[in-house]
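Written out below as structure tokens is the structure these notes cover.
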Amino acid sequence: MADTYTRDELEALYPLGTVNVQVDDDVRPMDEAEWDAWIEQQVGTEKPQDDA
Amino acid sequence: MTYPWSSGEVLTAADLNAYAGLVLVKTQTIGTAVSSVTVTGAFSSTFQNYKITVSGGSSSGDNPLYFQLSPAYGSQYYYSLIYGSYAGGSPANANGSNTTSIVYVGGGTDMTANFEVMNPNDSSRTTEVVGRCRYSTVYGTVVGHIPIAVAYTDFIIGPAAGTLTGGTIRVYGYNNG
């Protein structure tokens with residue numbers, strides 16, 4: 001079973017203001033509500049594993 | 001005029017329209033550290049079916065890529081991935097029903113994708129997606145169904161986890177002939 005991300009780890013990895021959303025050529029940082037929902041969605045996702 | 005062309009023949013617009021194969025509809029450069037990319041104006045009544053490729057970029061993790069028509073119109077996406085591992089073992093399945101996207105249309109740290117979308121702009125037919133996915137030890141093919149018949153023009157892609165940086169999304173239409 002692969003190790004998974006906690007919310008604290010994700011907040012450290014992707015601080016507010018560092019994650020963007022894009023529509024065509026318009027790229028903008030997530031606002032706090034979007035970022036909070038996105039971080040919550042990422043909790044429990046698997047951490048990268050080393051390739052063989 | 002009938003293919004193959006002969007030396008000296010003059011090709012008309014009708015000839016070119018009839019014999020074009022894949023037509024590049026839209027090219028979209030991916031920004032930095034984006035969680036999703038919405039591509040507008042990709043689908044129209046000019047083409048029934050499409051090929052979408054993603055290449056040249058990177059992902060913050062080794063994850064699969066998801067695809068969503070926009071707007072999503074609720075949680076009615078269905079998909080099944082049959083995959084194996086380069087390390088061996090038996091084939092396995094990953095699937096989703098009543099979800100908001102089709103996952104596994106691409107993936108990897110270089111986030112590549114090459115999948116096909118059938119009928120996205122035809123409000124009389126539902127949309128099907130066929131693709132392949134490689135990330136981590138997962139090597140597989142996915143089939144998805146979006147049973148909401150709407151004339152979609154836009155779509156969204158993004159990594160199932162983490163962010164994307166750089167690379168290009170290309171949308172091609174299959175000439176209806």
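Note on naming: letters A, B, ... go to the chains in the order of the sequence lines (proteins, then strands), and numbering restarts at 1 for each one.
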* If contact means a heavy atom pair closer than 4.5 Å, which residues of residues 29-36 of chain B contact chain A? ->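 Contacts with chain A: B/Thr29, B/Ile30, B/Gly31, B/Thr32, B/Ala33, B/Val34, B/Ser35, B/Ser36.
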* Does anything in residues 157-164 of chain B get under 4.5 Å of chain A by heavy atoms, and if so which residues? ->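 Answer by number: B/Ala160, B/Ala161, B/Gly162, B/Thr163.
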* Asked: How would you list, in number order, the residues of residues 21-34 of chain A that have a heavy atom less than 4.5 Å from chain B?
  ->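 Only A/Val21, A/Gln22, A/Val23, A/Asp24, A/Asp25, A/Val27, A/Met30 of residues 21-34 of chain A have a heavy atom under 4.5 Å from chain B.
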Treat each ILVMFWY residue as a node, draw an edge where side-chain heavy atoms are under 4.5 Å apart, and state whether [X] and [Y] are in one component.
X: B/Phe155; Y: B/Val150; value: yes
X: A/Val19; Y: A/Leu13; value: yes
X: B/Ile148; Y: B/Tyr66; value: yes
X: B/Leu16; Y: B/Tyr3; value: yes
X: B/Tyr73; Y: B/Tyr77; value: yes

* Should we say atom CZ of A/Arg7 is surrounded by more than 12 heavy atoms from elsewhere, each under 6.0 Å from it? ->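 Atom CZ in A/Arg7 is crowded, with more than 12 foreign heavy atoms closer than 6.0 Å.
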* **Pairs where residues 120-144 of chain B contributes a residue and the test ring pair (Phe, Tyr, Trp, His ring centres under 6.0 Å) is met, not counting sequence neighbours** =>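 Of all non-adjacent pairs touching residues 120-144 of chain B, those that pass ring pair (Phe, Tyr, Trp, His ring centres under 6.0 Å) are B/Tyr86-B/Tyr139.
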* Structural part of B/Asp154 lying under 4.5 Å from a heavy atom of chain A ->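 Neither part; nothing is under 4.5 Å.
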* Please look at A/Thr45 and chain B and tell me whether the side chain, the backbone, both or neither of the residue comes under 4.5 angstrom of a heavy atom of that chain. =>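 Contact with chain B: side chain only.
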